[in-house]
Participant: 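Have a look at this one.
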Amino acid sequence: MDNSRSNIPSISPAAVVVTAVFLLVSIIGVNWFTTFVPLVLPPQASAESKSVDELFYILMIIGGVVFFLIQGMLLISVLFFRARDGDLGDGPTYHGNPLLEIVWTIIPALVIVFLAVVSYNIWTQNSEPKAAVNMIDGEETKIKVTGARYAWTHTYETNRLDADGDPIVINSGDKLHTYIGQNVDLELRTQDVIHSYWVPAMRVKQDLLPGNPDFGGRPTDIRFTPIRVEGAAYPAEYPIVCAELCGDGHGRMRGTVVVHEDESQFLAQFFEPAIYAILNPPADPVLRGEIVIQEYICNSCHTLDSLEWSSRTGPSLNGIAERAGERVAGQSAEEYIAISVWNAPAFVVPGYTEQMAVFGPDQTDANHMTAEELYSIVAFLCTQGEQSDCDLENLTEAIPQAIKTAFGLEVDISFGQDDAEASQPEAAADGSDESEADSESD
Ligand code: HEC
Ligand SMILES: [Cu+2]
């Protein structure tokens, strides 16, 4: 066996030709393949999406060529350099070719530096804070997103004031309303584990990091600016997904970005009706409860056919009013439901564990629930069942009484009865907004 160390075996011209052809075919093939990528990707719905897709194409082409080249070389080696019949010897031993080694180190290094620079530029460009964010009615506002197993909640801290002079907060549940050209800047917080707010159509994704903000926790920000998508009908809707495995309900932790065509459509179809509904809640607690309960993440754990909820972490709320009176001896149905919502651990339904989220006046953001809201939620749940254990004729007295007994709190049930002077916005007046019922109130 020839053992000389720097003796490179001669390469047959055929192999060189095959390699060259393979390289050419893979470049052309990968290029051709990328023309199909837009069919698979969601539409480019944000200003950020173009640069992200450009980076994606660059990565695809480089990765694709490297892949086909390496597989091609492997194929060629197997075909041309395989052991011939009767050849039982080792192949020639050789190593040490400084030129070759320098070349195959420098080329990938340059490629990686190039990718790092391009990626870094696109990342900083897309994530850097912008001026004039979340403009509504000519003013900046704050939009917060709360992630919790397994739901998203969006809250708008508006510049409108309620009767007491406090800023009105719109809770739009799992929907983010925005409009073309609005510089969206969301503050993200989680109530439990790490989640990740991902809007594929906007090409943005950001983790939510645990930690109590009062003790140095870390709210994060996600920024994007919706643009017009050719051929889309407005308002257009795009999914929000959780991109961090956060538990068994991770797959249904979803929401929707609703992009309105312009600010006036946003105001008319979402914002003004939401403000109007907050200033003019229905006087009937049951009707109000049906709206209020949908602002919370109850749907992420419970089933309730009348509202099309279908989650199974907690017991079904179908017919809850028929069982509520018998759950705990000595507790009225109203009291039992009120305690179940504000102080779930007080009684744990057999077969379930203490997994229910905590709601109450001391909680923040998505879990903040006033006594008035509790009152209307209890009123609504009292109507869920054929034979209600609640005193349906007398809810306006029975529920405040139950809340007083359970928590020692007085409930102000006068809402919706004296706000006649607030003016009706046009959009709500033309009746085009039943679908917004799930996005209103304080
Ligand atoms: C994180 C999941 C989760 C969320 C969110 C949640 N619940 Fe629950 N809920 C549970 C679980 C689990 C139970 C059963 C254990 C217990 O009784 O504490 C339960 C029990 C209940 C019960 C008692 C049911 C019965 O059959 O006796 C009521 C009523 C209830 N929840 C209402 C609500 C309402 C209203 C909301 C929203 C404001 C809500 N829940 C949000 C998980 C949840
Ligand atoms: Cu999640």
Side-chain angles (χ1 to χ4, degrees), residues 145-153 171 173-174 188-198 205-210 240-255 289-304 306-307 309 311-328 331 333-361 363 365-370 373-385 388-390 399 402 406 438 441:
V145 179
T146 309
R149 289 171 168 150
Y150 299 100
W152 302 108
T153 314
N171 179 328
D174 63 0
L188 310 173
R189 287 167 197 265
T190 168
Q191 296 196 338
D192 35 54
V193 298
I194 303 180
H195 299 279
S196 190
Y197 192 87
W198 182 26
K205 187 196 281 171
Q206 171 65 51
D207 279 8
L208 286 74
L209 305 174
I240 302 166
V241 228
C242 180
E244 182 70 50
L245 187 57
C246 54
D248 63 357
H250 167 70
R252 60 184 144 78
M253 188 164 172
R254 291 177 150 257
E290 182 175 349
I291 297 170
V292 172
I293 200 170
Q294 297 184 63
E295 290 164 4
Y296 291 92
I297 56 172
C298 324
N299 61 329
S300 69
C301 294
H302 290 286
T303 294
L304 182 58
S306 63
L307 296 178
W309 298 351
S311 302
R312 302 190 191 287
T313 307
S316 164
L317 296 181
N318 288 335
I320 177 69
E322 297 167 3
R323 298 184 290 275
E326 299 135 35
R327 282 276 195 236
V328 180
Q331 243 172 38
E334 290 87 348
E335 261 176 81
Y336 173 75
I337 297 178
I339 293 172
S340 294
V341 178
W342 260 14
N343 188 14
F347 172 79
V348 176
V349 177
Y352 293 87
T353 54
E354 276 187 35
Q355 280 193 56
M356 175 144 160
V358 180
F359 299 92
Q363 304 295 315
D365 298 329
N367 287 16
H368 179 77
M369 190 187 284
T370 63
E373 287 164 328
L374 176 64
Y375 161 63
S376 49
I377 287 177
V378 174
F380 171 70
L381 289 178
C382 271
T383 64
Q384 301 302 301
S388 177
D389 292 342
C390 300
I399 300 172
D438 59 337
S441 156

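Counting starts at 1 for both ligands and their atoms, following the listed order. None of these values were measured; they are calculated from a predicted model.
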Participant: Show the atom names and distances, to 0.1 Å, of all donor-acceptor pairs under 3.5 Å that link a side chain in residues 320-328 to residues at least two apart or in another chain.
Facilitator:
| residue | atom | partner | partner atom | Å |
| --- | --- | --- | --- | --- |
| E322 | OE2 | E386 | N | 2.5 |
| R323 | NH1 | N318 | O | 3.1 |
| R323 | NH2 | S316 | O | 3.0 |
| R323 | NH2 | N318 | O | 3.1 |

Participant: Filter the ligand 1-protein atom pairs down to N or O on both sides and distance under 3.5 Å, then list them.
Facilitator:
| residue | atom | partner | partner atom | Å |
| --- | --- | --- | --- | --- |
| ligand 1 | 7 (N) | H302 | NE2 | 2.8 |
| ligand 1 | 9 (N) | H302 | NE2 | 2.9 |
| ligand 1 | 17 (O) | F347 | O | 3.1 |
| ligand 1 | 17 (O) | V349 | N | 3.0 |
| ligand 1 | 18 (O) | A344 | O | 3.4 |
| ligand 1 | 26 (O) | R327 | NH2 | 2.7 |
| ligand 1 | 27 (O) | R327 | NE | 2.8 |
| ligand 1 | 27 (O) | R327 | NH2 | 3.4 |
| ligand 1 | 27 (O) | Y336 | OH | 2.4 |
| ligand 1 | 31 (N) | H302 | NE2 | 2.9 |
| ligand 1 | 40 (N) | H302 | NE2 | 2.8 |

Participant: Taking the side chain as C-beta and beyond, is there a heavy-atom pair between R149 and T313 under 4.5 Å?
Facilitator: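 No. Closest side-chain heavy atoms not under 4.5 Å.
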Participant: So if I apply the side-chain contact (heavy atoms from CB on, under 4.5 Å) rule between Y150 and each of C242, C246, S311, C301, which one comes out positive?
Facilitator: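 One option only clears the test, and that one is C246.
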Participant: Does V358 offer a backbone N or O that forms a donor-acceptor pair with the side chain of N367 under 3.5 Å?
Facilitator: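 Checking the backbone N and O of V358 against the side chain of N367, a donor-acceptor pair under 3.5 Å is found.
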Participant: Which one of V378, N299, L307 satisfies the side-chain contact (heavy atoms from CB on, under 4.5 Å) criterion with I293?
Facilitator: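 In the set V378, N299, L307, the residue that makes a side-chain contact (heavy atoms from CB on, under 4.5 Å) with I293 is L307.
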Participant: Sequence neighbours excluded, which residues qualify as side chain to side chain donor-acceptor pair (under 3.5 Å) partners of S388?
Facilitator: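 Result, side chain to side chain donor-acceptor pair (under 3.5 Å) vs S388: none returned.
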Participant: When you look at T153 and I297, which way does the side-chain contact (heavy atoms from CB on, under 4.5 Å) test go after all the steps?
Facilitator: CA-CA 7 Å; T153 314; I297 56 172; 3.3 Å; yes
Participant: Please check if the side chain of H302 supplies one atom and the backbone of R312 the other of a donor-acceptor pair under 3.5 Å.
Facilitator: no
Participant: Report yes or no: does R252 contribute a side-chain atom to a donor-acceptor pair with the main-chain N or O of S300 at less than 3.5 Å?
Facilitator: yes
Participant: What are the protein N/O/S atoms, named by residue and atom, that sit under 2.8 Å from the Cu ion (ligand 2)?
Facilitator: H195 ND1, C242 SG, C246 SG, M253 SD
